[in-house]
Amino acid sequence: MKLSLFQIVLRSITHNFRGYLYQVIIIILLTGVVTGSLMTGKSVRNSLKQTSFEKLGNTGTLLSSGIRYFDPSLAERMSAETGVVSAGVLELDGYCQNFATQQLAPQVKIYAVDDNFFPFHAIEGITVSRGEVAINRKLADYLDVNQGDELIIRFNSITDIPADAPFSPGKVSNPSIVLRVGNILEPAYAGTFSLGISQLIPMNIFINRSELINAEGEIPDINRLLFDSRSGITTDLVQSAFRKIIRPEDAGLSLRHIPATGGYELVTDRIFIDQFLVNEIKSKVSPSFPAITYLANSISKGEKSTPYSFISALDPSLYEGIPTGNTIVISEWLADDTGAKTGDTIQVTWFSPDPMNRLIVERMDFVVGKIVPMKDIWSDSLLMPEFPGIAGSESCTDWDAGVEIDMDLIRDKDEDYWNRYGGTPKAFISYDKGRDLWAGNFGPATSIRFETELSENELREKLTGSLDPSLSGFSVSDLRQDSAMAASKSVDFSTLFLGLGFFIILSALILLILVVSTHYESKKDEVSTLFSLGFTNRRIERQLFLETSLMALAGALTGALAGGFFNVIIIKALNSVWQGAVQTNTLVSSFDGWSFLIGFASTMAVILII
């Protein structure tokens, strides 16, 4: 009976079964390590991507004001302009404690939300009522709290003024409130919600925004605006829409009337207006006149000294009589108090932050160029910015200016002045001089004033839709795209585990070479017999190649399938004993066709070459 080549190959494999079995086992190990490493890398990346999307919920595009705040009405205006559902959030950092056990969670994310937050994420039945909070499962487990337990929640003071800005209130304690746990949220109910790009599962607290109070004693504004990802809205569209409707109030500016001059001015809750905003406003409304008002520690002439007085630097183009250079205009009250006359030299001292943000005393001499009465434009209490801790104080001794104040220097006449004139400046210099002396990293102006001919409507018309949001601290980002990119650029676990399995792979290759060499050495007699029976060299080569291919196919196919089990084991280890490598326990193993094919094909190629 004449046997076909395939039948001869099968009988040869059966006859040399043990030798081929050793090779198949080695190939299974080799392919399993390669394929499993590739699948693990793909599983990690897919899991991180999926976890990131789970954290975002329905959030797609984000409009953020950074550490600043804006009015919640912007959500409605942006929804009307874009036709896309949006929701506002106040995001804060803080910490909390279990009221009963005092167990502390040192880093938590606090989201102050309105009633539209959970419906925005298509979550029904979850509300955050006053007096209650919703927390996620991770925080509940960490603090060992259950529904109905109470939490002590602390967070940074909600204020637009940077903590290291001049005259920022000193010794500001973090506000704290005690609220009851109303809901414990699982991941499917926005429990893992996060706007950050991180694989870490955050500890979250969701609180009713009306429960919080800002530094001014009011319900705080928001600092994040979320847009529905299902709408397909782009960052360009959000930026374009925002530029059309942005108002001064969105940039933290307020337009107010000045009774002393009859005109209008722009001021900010941040006290100092940024240089970029000053330039932007001057380009939109011409002419515009920045002004800066600063607190002097003392204004002295000889032995006589007036403590803690405000000095305004004004533009001579708007205020006739304002001198230039080192010349100063003083009020009649200051002239009477110090005995200064026109042409006299007075010394002014003030606190100025050094490069290390430490306050040092600066001083400069000025020549009195003019003495003005305490009336009309020279009696303008609005020139003093709303310094927290100073504005609204009933007396000078109640000041909390954020700088050291010697209360012993304050006299009865200083208290009388405060009661009658408030923060009305007692002296005036040119804006250029004041900017050189007092403008710092926080801005060159405490207000921007306009000519009296410009009405409020005209100013609003010029400023609405003309400011650049990016110059006001706003940024727009595509969170889903950023999250996917971050996941794709995470640690390449395919390469990592291939590297960790390098010695296993190398040992398998060396062992395979030795086994194959020994196997072919044992087949010398068989090959000689075939040659003697009249088999040509080409037929014998084809037979050996087919034997090797079948052996490689069986081993590589089984090994590639085994790589899937290898992947499952590694993912379980990463979720438990190796969790420190990925800082999460939400990884999910998945079968990846491309990893299977690459592992199978690469191993087949190596085996056939050997």
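Quick caveat, the model's predicted, so the values are computed rather than measured.
No side-chain donor-acceptor contact under 3.5 Å links Ser65 to the backbone of Phe70. Here the side chain of Thr338 pairs no donor or acceptor atom with the backbone of Lys304 at under 3.5 angstrom. Side-chain atoms of Thr446 never come within 3.5 Å of backbone atoms of Phe272 as a donor-acceptor pair (strictly under, hydrogens ignored). Listed for the Ser157 side chain is no donor-acceptor partner under 3.5 Å among the backbone atoms of Thr159. With hydrogens and angles ignored, the 3.5 Å screen pairs no side-chain donor or acceptor of Asn279 with any backbone N or O of Phe276. At distances below 3.5 Å, not a single donor-acceptor pair connects side-chain atoms of Ser300 with backbone N or O atoms of Gly302. Counting only distance, with no hydrogens or angles, the side chain of Glu91 and the backbone of Lys109 share no donor-acceptor pair below 3.5 Å. Checking side-chain atoms of Ser352 against main-chain N and O of Ile360 turns up no donor-acceptor pair under 3.5 Å. Between the Ser466 side chain and the Leu463 main chain, a donor and an acceptor come within less than 3.5 Å of each other. Between the side chain of Ser331 and the backbone N or O of Leu334 there is at least one donor-acceptor pair closer than 3.5 Å.
Annotation: side chain of Leu212 is not in contact with side chain of Ile219 (no heavy-atom distance under 4.5 Å). Inter-residue side-chain proximity for Asn208 and Val133 is flagged as unmet; no heavy-atom pair is nearer than 4.5 Å. At a threshold of 4.5 Å between non-hydrogen side-chain atoms, the residues Leu266 and Ser447 do not count as touching. Looking at heavy atoms from C-beta onward, Met203 lies out of side-chain contact with Cys96 at the 4.5 angstrom threshold. Between Pro259 and Leu382, the closest side-chain pair of non-hydrogen atoms falls below 4.5 Å. Contact annotation: the side chain of Leu479 approaches that of Leu195 to within less than 4.5 Å [non-hydrogen atoms, C-beta and beyond].
Looking at residues two or more places apart in sequence or on another chain, you find no side-chain hydrogen bond (donor to acceptor under 3.5 Å, both in side chains) involving Asp412. Here Lys462 pairs with nothing under the salt bridge (Lys or Arg N to Asp or Glu O under 4.0 Å) rule; sequence neighbours left out. Residues satisfying the salt bridge (Lys or Arg N to Asp or Glu O under 4.0 Å) test with Glu461, not counting sequence neighbours, are none. Shown here are the salt bridge (Lys or Arg N to Asp or Glu O under 4.0 Å) partners of Arg247, two or more places apart in sequence or in another chain: there are none. Not counting sequence neighbours, the partners of Arg230 by the side chain to side chain contact (heavy atoms under 4.5 Å, CB included) test are Asn58, Ala122, Asp228. For Thr82, there are no side-chain hydrogen bond (donor to acceptor under 3.5 Å, both in side chains) partners two or more places apart in sequence or in a different chain. Every residue meeting the side-chain hydrogen bond (donor to acceptor under 3.5 Å, both in side chains) condition with Ser317, not counting sequence neighbours, appears here in chain and number order: Asp315. Looking at residues two or more places apart in sequence or on another chain, you find no side-chain hydrogen bond (donor to acceptor under 3.5 Å, both in side chains) involving Lys244.
When all heavy atoms are compared, the tightest approach of Phe450 to Pro287 is CD2-O, 4.2 Å. Among all heavy-atom pairs drawn from Met78 and Val238, the shortest one is CE-O, 3.7 Å. Residues Arg154 and Ser176 share a closest heavy-atom pair of CG-CB, 3.4 Å. Residue Asn223 comes nearest to Leu90 through the heavy atom pair OD1-CA, 3.4 Å, listed as atom of the first residue, atom of the second, then distance. Minimum heavy-atom separation, Phe118 to Ala190: CE2-CB, 4.2 Å. Residues Lys55 and Pro202 come closest through the heavy atom pair CE-CD, 4.3 Å.
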Should Arg460 and Glu249 be marked as a salt bridge (charged side-chain N to carboxylate O under 4.0 Å, His left out) after you check the CA-CA gap, both sets of side-chain angles, and the distance that decides it? CA-CA 10 Å; Arg460 289 195 176 278; Glu249 289 76 11; 3.0 Å; yes
Please determine whether side-chain hydrogen bond (donor to acceptor under 3.5 Å, both in side chains) holds for the pair Ser455 and Asn457, giving the CA-CA distance in whole Å, both sets of side-chain angles, and the decisive distance to 0.1 Å. CA-CA 5 Å; Ser455 67; Asn457 289 338; 5.4 Å; no
Run the side-chain hydrogen bond (donor to acceptor under 3.5 Å, both in side chains) test on Thr424 and Ser381 for me, step by step, so that the C-alpha distance in whole Å, both residues' side-chain angles and the decisive distance to 0.1 Å come before the verdict. CA-CA 4 Å; Thr424 300; Ser381 62; 4.6 Å; no
Go through the steps for Tyr95 and Phe155 under the test ring-ring contact (aromatic ring centres under 6.0 Å, His included), then give the verdict. CA-CA 7 Å; Tyr95 60 99; Phe155 47 91; 9.7 Å; no
Take Asp380 and Arg449 through the test salt bridge (charged side-chain N to carboxylate O under 4.0 Å, His left out) and record every step on the way to the result. CA-CA 13 Å; Asp380 186 356; Arg449 297 195 158 196; 2.8 Å; yes
Go through it in stages, so that I can follow the logic: the residues are Ile328 and Ile330, the test is side chain to side chain contact (heavy atoms under 4.5 Å, CB included), and I'd like the CA-CA distance, side-chain angles, deciding distance and then a yes or no. CA-CA 6 Å; Ile328 191 170; Ile330 63 173; 4.2 Å; yes
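Within the structure, every pair that satisfies the side-chain hydrogen bond (donor to acceptor under 3.5 Å, both in side chains) test and touches residues 342-351, not counting sequence neighbours, is listed here: Ser298-Thr349. Applying the salt bridge (charged side-chain N to carboxylate O under 4.0 Å, His left out) rule to pairs touching residues 57-80 yields Arg68-Asp274, Arg77-Asp250, sequence neighbours excluded. For residues 419-437, the salt bridge (charged side-chain N to carboxylate O under 4.0 Å, His left out) pairs, not counting sequence neighbours, are Asp432-Arg435.
Using bins of under 30°, 30° to 60° and over 60° for the plane-to-plane angle, the ring pair Tyr264/His257 lands in the perpendicular bin. Classified by interplanar angle (parallel below 30°, tilted 30° to 60°, perpendicular above 60°), the ring pair Phe117/His121 is perpendicular.
Results of the side-chain contact (heavy atoms from CB on, under 4.5 Å) test with Phe227 over Val476, Thr59, Thr61 single out Thr61 as the only residue that passes.
Heavy-atom contacts from other residues, nucleotides or ligands closer than 6.0 Å to CG of Asn419 number more than 12.
Inspection of the Thr324 and Ser430 side chains reveals no N or O donor paired with an N or O acceptor under 3.5 Å. No hydrogens or angles considered: nothing links the side chains of Tyr111 and Arg224 as a donor-acceptor pair under 3.5 Å. Using modelled atom types, one finds no donor on one side chain facing an acceptor on the other under 3.5 Å when comparing Asp236 with Thr234.
Here Asp337 does not pair with Lys301 in a salt bridge; the nearest charged N to carboxylate O distance is not below 4.0 Å.
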All N/O donor-acceptor pairs, side-chain side in residues 361-370, below 3.5 Å, sequence neighbours left out:
none

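Aromatic pair Trp378/Phe428: centroids less than 6.0 angstrom apart.
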